[in-house]
Structure formats: C-alpha cells, structure tokens
Amino acid sequence: MNEVKDKLESFQIHDFQHDLISWYKHEKRDLPWRKDQDPYKIWVSEIMLQQTRVDTVIPYFNAFIGKFPTIEALATADEEEVLKAWEGLGYYSRVRNLHSAVKEVANSYAGVVPNTPEEISKLKGVGPYTKGAILSIAYNIPEPAVDGNVMRVFSRILSIWDDIAKPKTRKIFEEATYKLISKEDPSSFNQAVMELGALICTPTSPSCLLCPVREYCSAFAEGVQAELPVKSKKKKPRPLQMAAVVLYDDHGRLYIHKRPGTGLLANLWEFPNMEIKAETKESYREQVKQFIKEEYQAEAEISELTGTVEHVFSHLIWNISVFIGTLTNIPSEDLLPVTEEEMKKYAFPVSHQKIYKIYQEESKS
DNA sequence: GACGCGTGGTT
DNA sequence: TAACCAAGCGT
C-alpha cells in the first residue's frame with residue numbers, strides 16, 4: 001500500500017491522464033451503451049457486462065432496451081418477460097436484482113437513478129464496481145470503478161504484485177484510482193482504463209508496442225508485463241450425473257417445472273430432472289420413473305436413453321442423460337402443461353434448450 | 001473471506 | 001484440450 005503511494009509520488013499523473021484519454025477518444029469502440037449518457041442504459045449495460053464479454057452482451061442489450069426502454073417500462077414489466085429477455089446470459093440473479101432495484105428507483109426516487117455513492121450502493125445488485133461505473137460514466141463523478149481490467153492495467157503500470165483474486169486487493173486499486181482519476185473527465189478516464197485493458201493491455205500477450213501509456217508503465221520498463229497481474233487459481237467444477245425427462249401427454253403438451261426463487265438458475269423453467277445416484281443398482285431409466293412418480297405423481301412410459309447434454313457452470317458440471325416420457329395420467333400442479341408455442345414465453349437454462357432440441361429431433365423420426 | 005452463481009469464447 | 005477467461009455481487 002505504502003509502496004504504491006511511493007510510486008505515485010514520482011508519477012506524471014496529468015500527462016498520463018491526457019495520453020490515456022486522448023487515445024480513448026480516438027480508439028474507443030462504437031458500443032450501443034455509448035450512444036448517450038442515460039443512467040438507466042449505463043446501468044443495464046454494466047449489469048450485463050459483469051463477467052460477460054462485450055460481444056455476448058451487445059445483442060442482449062439492444063433487445064433488452066428495445067423491450068424496456070426506460071426505468072418505468074422495466075419497473076412495470078412482469079417478471080416472466082424480464083427473465084426471458086435474460087435467457088442465455090447467465091448469472092440470473094443479476095436480472096432479478098436489477099428488476100427489483102429499478103422498481104425501487106421508480107417508487108422511491110421518482111424514476112431518477114440516484115447520484116450519490118450512499119444511495120446508489122443500497123440498490124440490489126449494485127456493488128462497489130457498478131456504483132463507480134454508473135456515477136462516473138453517467139454522472140461524471142470521480143469515483144473509482146475497479147474491475148478486472150482496471151486491476152490488470154494498474155497492476156502493470158504500477159507493478160503491484162498483490163493477488164487480484166483476493167477481495168481485499170481491490171481496495172489497493174481503488175486507492176490508486178482515487179489518485180490517478182481525472183477530475184475533469186472521470187467518465188472518459190474510467191472507460192479508457194477498461195478499454196485499454198480490453199484492447200491493448202490484455203491478459204495474455206499484451207500489445208505493449210501499441211500502448212499509448214507504455215512510457216508510464218513500470219512492468220514494461222522492467223519487462224515483467226507477462227508476469228502481472230498475479231491471480232490465484234480457481235477450483236475445478238465438480239461433476240454431477242443427472243437425468244432429465246421430457247414428458248408429453250396425448251394432446252402434445254409438454255410438462256415443465258419452475259425452479260425455486262433462490263439458488264442455481266433461480267426462477268427459470270426446466271424439464272423434470274434429478275441427480276442420479278451412482279451407487280444404486282436401478283437403471284437410470286428406472287430411477288427417472290420412480291422420481292417423477294414420487295415428486296410429481298406422474299405415471300409415464302419412459303424411453304430408452306435418447307441423448308446426453310453437458311452443462312458446465314462455474315462450480316458444477318451436469319452430465320445429463322435425456323429421456324422421453326409418455327404420460328398416462330395427470331401429474332401434480334408442480335408441472336405446468338404447455339403447448340410448444342406457449343413454451344416460448346418461458347426462460348430456460350441453455351442445457352434445457354438443448355434437451356428440448358433432442359426431443360424435437362426424436363419426435364420427427 | 002470463501003463460496004455460489006452461467007455461458008461461450010480463446011489459448 | 002483443459003484451463004482460463006469476461007466491465008462482480010450476495011451471502
């Protein structure tokens with residue numbers, strides 16, 4: 001910490017800001033959330049961009065803003081439609097928190113996104129990064145917005161060897177950003193650091209020879225840019241054997257289940273599925289039959305194994321065996337019968353979209 | 001502070 | 001190809 005302070009003593013802050021911001025204004029990408037300074041759109045973009053690539057976000061952002069162009073529109077939208085607009089983006093608690101926070105802004109702040117750190121931080125899903133991003137980008141307030149890019153860029157510029165995977169390390173970078181941030185144009189400054197991280201100061205093989213601020217870069221001067229940032233490794237995801245069954249009745253309706261409101265894939269819809277116990281003698285098919293009977297009072301003819309789907313999460317891997325079941329009774333109300341047309345209103349995890357495709361292929365033949 | 005929480009692209 | 005990565009937050 002004191003080490004960083006020492007480095008900043010001799011740092012040409014004003015020149016650095018100028019060179020970085022000039023580069024940014026020439027080279028910045030033309031992204032849909034950069035068309036205006038609407039705090040609501042900045043907010044939506046920042047939530048979508050959490051742990052998610054720009055190229056992935058762009059079409060979701062355009063569609064989302066098309067459907068919910070204002071705070072008011074999103075605040076009054078129904079949950080099912082909002083979740084559907086997030087389908088496939090992942091980390092679904094982001095959109096549940098966003099929806100809740102937007103309602104809060106509509107009701108308690110007259111529809112105006114608050115512009116103080118204290119107020120904006122109270123909103124669900126707005127943490128230290130998103131707080132700084134909205135305040136600086138939308139309101140031009142000099143707050144740090146420290147994300148992975150910022151830590152990577154400044155770890156190299158200032159040769160900071162702390163492990164950026166540790167939560168407390170973020171504070172070191174926030175302190176450095178308070179010192180370095182342009183008071184005249186904090187919006188461009190914060191975006192410029194992130195843009196530099198995305199385009200030039202990349203995780204592997206950074207393009208130092210194209211870097212507009214390499215003359216300020218401690219790591220480049222010492223040739224250690226490839227060693228930085230220091231980042232400890234994550235644990236490997238744990239594999240789970242699963243089985244899922246697409247149940248249909250004699251009206252051609254499919255039976256789907258809504259997941260609980262908290263935890264993994266909260267509030268998304270799915271085909272009935274279960275974890276398979278490896279140690280039992282029962283076949284997967286037999287376990288599925290028992291499961292749907294006990295869980296949903298459903299009687300069905302179950303097919304042979306029809307396909308497999310792998311679903312990789314951050315912390316889990318589902319290896320899903322897929323079956324098809326012909327219902328011979330009416331199951332519990334925890335299963336919703338839907339036509340394939342009605343199904344389109346509901347949000348499913350990607351793995352269950354793949355399961356549905358297996359069913360479609362199978363029912364063609 | 002560690003862990004839970006998605007998905008698709010890159011090396 | 002397995003590992004790693006991408007504009008984090010809540011509990």
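Order of the sequence lines sets the chain letters (A, B, ...), proteins ahead of strands, with each chain counted from 1.
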Residues that A:Ser108 engages under side-chain hydrogen bond (donor to acceptor under 3.5 Å, both in side chains), provided they are two or more places apart: A:Glu104

Quick one: which residue pairs count as a ring-ring contact (aromatic ring centres under 6.0 Å, His included) with a foot in residues 297-344 of chain A, not counting sequence neighbours? A:His311-A:Phe313, A:His311-A:Trp318, A:Phe313-A:Trp318

Within the supplied structure, the quantity of interest is the number of heavy atoms (other residues, nucleotides, ligands) at a distance under 6.0 Å from A:Lys183 NZ; does it exceed 12? yes

Could you list the residues that satisfy side-chain hydrogen bond (donor to acceptor under 3.5 Å, both in side chains) with A:Glu215, not counting sequence neighbours? none

Answer with base, sugar-phosphate or nothing: what part of the nucleic acid does A:Gly197 contact at a heavy-atom distance below 4.0 Å? nothing

Answer yes if the ring centres of A:Phe189 and A:Tyr24 are under 6.0 angstrom apart, and no otherwise. no

Atom OH of A:Tyr91 and atom C1' of C:dT11: how far apart are they, to the nearest Å? 15 Å

Separation of A:Glu87 atom CD from B:dG6 atom C1', in whole Å? 13 Å

I'd like to know if A:Val4 and A:Phe173 are part of one continuous hydrophobic network [Ile/Leu/Val/Met/Phe/Trp/Tyr, side-chain heavy atoms within less than 4.5 Å]. yes

5' precedence on DNA chain B between A:Leu264 and A:Thr204 (nearest-nucleotide basis): A:Leu264

Which of the following nucleotides, C:dC5, B:dT7, C:dG10, is nearest to the side chain of A:Asn97? C:dG10

Is the closest basic N to carboxylate O distance between A:Glu341 and A:Lys344 below 4.0 Å? yes

Residues of residues 129-151 of chain A with any non-hydrogen atom less than 4.0 angstrom from an atom of DNA chain C: list those, numerically ordered, please. A:Tyr129, A:Thr130, A:Asp147, A:Gly148, A:Asn149

Any salt bridge (charged side-chain N to carboxylate O under 4.0 Å, His left out) pairs touching residues 252-270 of chain A, not counting sequence neighbours? A:Glu80-A:Lys258, A:Asp249-A:Arg253, A:Arg259-A:Glu270

Whole-Å distance separating the OH atom of A:Tyr92 from the C1' atom of B:dT7: 7 Å

Annotated structure of DNA chain C as dot-bracket, pair cut-off 3.5 Å, Watson-Crick or G-U only, | for inter-strand, is .|||||.||||

Test: salt bridge (charged side-chain N to carboxylate O under 4.0 Å, His left out). Region: residues 225-236 of chain A. Which pairs qualify, not counting sequence neighbours? none

Given the rule that I, L, V, M, F, W and Y join up when any side-chain heavy atoms are under 4.5 Å apart, are A:Tyr359 and A:Tyr296 in one cluster? no

For A:Ile355, the option from A:Thr306, A:Val245, A:Thr308, A:Val246 that meets side-chain contact (heavy atoms from CB on, under 4.5 Å): A:Val246

What's the CZ-C1' distance between A:Arg170 and B:dG1, to the nearest Å? 13 Å

Nearest whole angstrom, please: distance from the C1' of C:dC9 to the NZ of A:Lys168. 20 Å

First of A:Val126 and A:Thr202 reached from the 5' end of DNA chain C, by closest nucleotide: A:Thr202

Can you pull out the residues from residues 306-320 of chain A that lie within a 4.0 Å heavy-atom distance of DNA chain B? A:His311, A:Val312, A:Phe313, A:Ser314, A:His315

Quickly, which of A:Asn190, A:Thr177, A:Asp185 forms a side-chain hydrogen bond (donor to acceptor under 3.5 Å, both in side chains) with A:Ser136? Name it, please. A:Asn190

Gap between atoms OH and C1', on A:Tyr60 and B:dG9 respectively (whole Å): 14 Å

Under 3.5 Å, which N/O atoms of the protein pair with N/O atoms of nucleotides 2-4 of chain C?
unit_1, atom_1, unit_2, atom_2, d
C:dC4, OP1, A:Lys233, NZ, 2.7

In whole angstrom, give me the gap between the P atoms of B:dC5 and C:dA6. 23 Å

Interatomic distance, A:Leu89 CG vs B:dG8 P [rounded to whole Å]: 10 Å

Distance check needed: C:dG10 P versus A:Lys122 NZ, whole Å only. 15 Å

A:Arg152 near the nucleic acid: base, sugar-phosphate alone, or nothing, with a heavy-atom cut-off under 4.0 Å? sugar-phosphate

Can any side-chain N or O of A:Thr328 pair as donor or acceptor with the backbone N or O of A:Glu299 at less than 3.5 Å? yes

Can you tell me, in whole Å, how much space there is between the P of C:dC9 and that of B:dG8? 23 Å

Please identify each residue that fulfils salt bridge (charged side-chain N to carboxylate O under 4.0 Å, His left out) with A:Arg214, with sequence neighbours left out. none

Reckon A:Lys235 has a side-chain N or O less than 4.0 Å from the OP1 or OP2 of B:dC3? yes

Between C:dA7 and B:dC3 - P atom distance, rounded Å: 23 Å

Evaluate the ring planes of A:Phe64 and A:Trp86, with Trp represented by its six-membered ring, and classify them as parallel (under 30°), tilted (30 to 60°) or perpendicular (over 60°). perpendicular

For residues 145-158 of chain A, which residue pairs qualify under side-chain hydrogen bond (donor to acceptor under 3.5 Å, both in side chains), counting only residues two or more places apart or in two chains? A:Asp147-A:Asn149, A:Asn149-A:Arg152

Output the residues of residues 26-59 of chain A in contact with DNA chain B, where contact means a heavy atom of the residue under 4.0 Å from an atom of the strand; sort by number or write none. A:Gln51, A:Thr52, A:Arg53

Just checking A:Tyr216 against A:Phe16, ring centres under 6.0 Å apart? yes

